[in-house]
Structure formats: C-alpha cells, structure tokens
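Since the structure comes first, as structure tokens, the remarks are kept for the end.
A note on names: the letters A, B, ... follow the listed sequences, proteins ahead of strands, and every chain is numbered from 1.
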Amino acid sequence: MIDPQLLREQPDLVKASQERRGDPVSFVDEALAAESARRAAITEFERLRSEQNAHAKLVGRASKEERPALIEQGKALAVGVKEAQARVTEAEAAFDAAVSRLGNIVHPDVPAGGEENFVTLATHGTERSFDFEPLDHVALGERIKAFDIARGAKVAGTRFYYLTGIGMRLELALMLLGLDQVLADGFTPLTTPTLVRPEIMQGTGFLGEHAAEVYHLPADDLYLTGTSEVALAGFHADEILDLDEPKRYAGWSTCYRREAGSAGRDTRGILRVHQFNKLEMFSYVKPEDAEAEHDRLRALQERMLQACELDYRVIDVAAGDLGSSAARKFDIEAWIPSQQQYRELTSTSNCTTFQSRRLATRYRTESGRTAPVATLNGTAATTRWLVAILETHQQPDGSVRVPEALRPYLGGLATIEPVEAA
RNA sequence: GGAGACGUCGCAUAGUCCGGCCUAGUGCACCACCCUGCUAAGGUGGAGUCCCCAAUAGGGGACCGAGGGUUCAAAUCCCUCCGUCUCCA
C-alpha cells in the first residue's frame with residue numbers, strides 16, 4: 001500500500017501517478033475521504049475509551065455501597081464504546097479497501113502509456129538469423145528429446161510437459177549457473193514454500209489483480225505460489241531488519257500459474273505453462289538505495305543472458321503495464337528466432353516501500369525510528385530460458401551448441417546431438 | 001489421527017487457579033549520567049511496537065500468539081484458529 005501520509009499531504013502526486021497508470025483518478029479522493037473518516041472514528045473511540053477506563057478504575061476502588069450505581073453508569077459507557085469500536089472497524093476496512101485500489105507511485109522516468117509504449121533501454125547481440133530454415137523449440141526439443149509435451153498433456157492437461165533427458169539436465173544446469181552467479185554477488189540461497197496462507201498471498205498483493213491467476217487448495221485454504229517472490233517477501237514480514245548491509249536472497253522454487261486470461265496464447269511448446277521452475281532474486285534495502293539496487297539486479301540479469309549467449313533487449317515497462325506494487329519495472333526479452341520477436345525472459349521490479357508497508361517489514365533509521373524498507377525482485381533464471389537457448393544455438397543438422405558457461409554443469413558437453421528415432 | 005502441556009513489550013521469567021492499586025513485576029543484556037580508578041564493581045535514570053490528537057513539550061488509545069465472546073472492568077473466564085513441545089497411534 002502507498003504511504004497514507006503521502007496520500008494526505010500530496011494527493012496531487014498520487015493522482016498524477018494514477019493518471020499515468022491509466023487507473024481511475026477518482027480513487028484518490030475516495031481514499032482521502034476514507035482516510036479522514038478513519039481518523040475521525042479512531043479519535044472518537046479513543047475519547048470514549050479513555051472515559052471508560054477512568055470509570056472502571058473508580059469502580060475498582062469504590063466501596064460496596066457505591067458500586068451498584070457506578071456499575072450502572074459503566075453500562076451506559078460500555079454501550080457507547082462498543083458502538084464507537086464497531087465504527088472504527090468499519091472505517092478501517094473501508095480505508096483499507098480504498099487505499100488498496102491505489103497502485104504504487106510510478107517512478108518519474110517510467111514511460112507513459114500501455115503495454116506497447118515501453119522504451120528500449122539497451123540491446124545486446126543481433127536479432128539472429130540463419131542461412132537455413134530454423135526450427136522452433138518444439139521441433140528442436142523433439143529432435144534432441146528435451147521434453148515430452150504430449151505426455152504432459154495426457155497426465156496433467158494442456159500447458160503441462162515433461163522435461164526429459166537433456167532437457168531436464170539443461171534446466172538444472174541453467175539453475176546452477178544462475179545460482180553460482182547470485183552466490184558470487186552475495187545472495188543467500190533459499191528453497192521456499194510453494195504453498196502459502198491467504199494472509200501472505202494477500203499481503204504480497206497477488207490476490208488483487210492477479211487473483212484469477214492463482215491456484216487455490218480449498219480443503220486446506222492454501223495458495224500455490226506463481227513465484228517465490230511471495231515467500232521471499234513474506235520471509236521478513238513483521239520484522240525490524242538491520243539494513244546496514246542490504247539483505248539479498250535467491251529463492252528457488254517451482255511456480256504455478258493458472259494462465260486464466262491467456263487462453264489460446266502461446267499454446268505451442270513450453271513458453272507459457274502452468275508449472276515451471278525459477279530462481280528469483282529478492283532484495284531488502286533502505287529506500288534511498290532502491291534505485292541503485294534495481295540497476296544492480298538488472299545488470300545481474302544481463303550478465304546471465306550474456307553467459308547464455310542470448311540476443312536481447314532491455315525495456316523500461318510503461319506505466320500502464322506495471323504491476324500495482326511496482327514503481328518501475330525492467331524486462332529483459334530474448335530474441336526468439338522462430339517467432340522473429342523478443343520474448344520476456346526476466347523481469348525486475350522496484351516495489352519501493354509499497355510491499356513492505358503491508359507486510360510490516362521495517363528497518364531502523366539513523367534517528368532510531370522504524371520505517372518501511374524497500375523491496376525489489378528479479379528473475380535470475382526460469383525454465384522458459386530453454387526456449388531461447390535451444391532456438392538461438394541450433395545448428396543446421398538439428399543439433400544444439402551448448403553455451404560455454406553451461407558446459408561445466410553438463411559434464412563438459414559442447415553439443416547436444418539429435419536423438420535418432422527408435 | 002488421538003491425548004496433554006505451553007505461547008507475557010530483545011532474551012529468561014513472575015502474574016492466570018480465585019477478573020479490579022498489573023500503571024504487566026524481576027533478572028540478564030542494552031543506552032545515558034554519576035561514582036570509582038583500570039581483566040572490575042556500584043548508584044540513578046531511561047528504554048518495546050502500532051496508532052490517534054497536538055506538532056516544541058506533551059496528552060491519549062491499542063498490543064500479554066491471532067481473532068471473537070462474556071463483563072461496568074480481561075494477561076487472567078469462555079470459544080475458534082495458528083504455532084511449539086511431550087506422549088500415544
């Protein structure tokens with residue numbers, strides 16, 4: 001959630017942010033009204049409560065004779081307090097709902113507009129073309145027996161797959177390469193829970209706009225996470241952190257997504273699936289260090305794509321295409337030869353203090369006060385990378401060259417040869 | 001799955017049976033000052049988190065795992081949930 005003080009003191013700034021996101025500006029005035037209603041309710045309740053507390057003490061000290069009359073008076077006070085308390089609960093729920101509709105304050109450098117209005121910050125490599133007819137990752141995967149999509153569908157349904165043989169090994173190799181890179185950068189590796197409680201899902205904002213994307217297990221009231229960001233953000237919930245040094249974590253987990261709104265899109269292959277693995281970076285830093293950390297995460301991601309010898313571009317995602325908790329987001333998209341277009345491989349978001357405020361993750365400032373920390377997240381590697389790696393490094397005979405950096409994790413394997421049909 | 005014990009403002013504990021000077025005590029650790037004078041010790045005071053009002057000082061409310069309930073009044077009584085531990089299966 002955004003800073004209520006900012007909402008109160010600089011509503012115009014919040015309105016401008018809403019405007020740039022393409023979200024209703026009227027939400028700001030509604031939130032403001034709910035905010036002052038909330039404070040009024042609290043003030044009234046506390047006045048009555050104070051009166052009641054003083055009265056209860058009188059009763060405690062009173063003699064037997066005085067007591068009955070005082071208790072009668074107390075009953076009247078109790079009614080008023082109860083009503084006032086109910087009004088506070090109501091006002092707080094209303095405020096919560098109203099303020100929850102406001103997205104994070106968009107960073108001033110974020111391009112205006114929607115999905116297609118991104119700005120390309122950098123490109124690397126060529127948009128590779130071949131002097132032979134390139135295969136897409138599905139055809140390549142069949143040649144080298146890297147995955148089995150038909151059997152995935154048979155067993156679990158569409159958008160499920162098996163990684164087989166070299167495919168399975170290649171995914172692990174990629175994850176291990178990613179892990180070694182983030183370890184070198186001081187990240188603490190974690191294997192995270194992939195089932196979480198409603199409060200955590202709610203607190204991290206994934207039950208808002210993405211609610212339909214999330215698998216729910218009603219028998220246990222647990223949610224399957226679509227990214228370890230959920231567990232990583234929840235890790236330090238309700239804590240006061242020592243942030244003299246930033247806290248950096250790399251969470252490895254399987255991710256589950258319903259892909260509810262994407263029927264018919266990317267139905268071929270493993271580009272868009274219900275289940276995949278991901279190594280996710282997550283940083284807790286002081287708010288003033290958030291932008292530098294964001295650049296750092298992006299640099300790390302670029303290094304990973306370069307290690308995999310992929311062609312890519314870095315885009316600054318436009319305001320209208322930002323998740324509600326992100327103030328700014330950089331996506332790195334790799335060139336997919338069979339599609340002749342760039343597709344997202346990584347994403348890194350600066351959530352400033354938006355996420356931590358609801359999760360009550362704080363640090364101690366110079367003056368000794370507590371203040372919300374800034375959180376940032378970014379992809380280090382996912383199963384989807386296999387698509388780009390296979391297609392980019394394919395050779396005329398249907399074999400695939402293994403990027404140097406991945407070879408140590410594959411026993412030195414330099415080329416993945418087609419498997420002859422049995 | 002069954003039975004039981006437990007959860008207190010950093011850590012450790014008192015308080016809960018029997019509701020009201022609990023404004024949650026004490027020890028350790030911590031911070032400031034004083035005393036002392038050098039591997040120490042002692043004294044005084046301070047100190048949690050969240051929120052509201054006032055914006056300097058200050059005043060008030062909430063928090064004893066979480067949420068409800070009973071009551072004039074709940075750490076204390078009742079219910080539900082979460083967690084930890086022990087025993088049984």
Does B:C53 have its OP1 or OP2 closer than 4.0 Å to a side-chain nitrogen or oxygen of A:Arg49?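 No, because none of the side-chain N or O atoms of A:Arg49 sits under 4.0 Å from OP1 or OP2 of B:C53.
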With distance as the sole criterion, is a donor-acceptor pair present between the side chains of A:Thr352 and A:Asn104 under 3.5 Å?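 Their side chains do contain a donor-acceptor pair, which is all the 3.5 Å distance test asks for.
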For residues A:Arg358 and A:Ser100, is any side-chain donor paired with an opposing acceptor at under 3.5 Å?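 Yes, A:Ser100 and A:Arg358 have a side-chain donor paired with an acceptor closer than 3.5 Å.
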Please report the distance separating the P of B:A74 from the corresponding atom of B:A89, rounded so that it comes out in whole Å.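 Roughly 44 Å separates the two P atoms.
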Using the C1' atom on both, measure B:G2 against B:C21 and round to a whole Å.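 The answer is 46 Å between these two C1' atoms.
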Measure the distance from [atom1] on [X] to [atom2] on [N] and round it to the nearest whole Å.
X       : N     : atom1 : atom2 : result
A:Gln85 : B:C63 : CD    : P     : 9 Å
A:Ile42 : B:G60 : CD1   : C1'   : 13 Å
A:Arg8  : B:C53 : CZ    : C1'   : 11 Å
A:Ile71 : B:U71 : CD1   : C1'   : 10 Å

Select base, sugar-phosphate, or nothing to describe what A:Arg197 touches, counting heavy atoms under 4.0 Å on all strands.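 Sugar-phosphate contact only.
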Tell me if a side-chain donor or acceptor on A:Asp321 pairs with a main-chain N or O of A:Gly114 at a distance below 3.5 Å.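 Answer holds: no.
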Are any side-chain N or O atoms of A:His393 and backbone N or O atoms of A:Pro403, one a donor and one an acceptor, separated by less than 3.5 Å?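 Not a single qualifying donor-acceptor pair exists.
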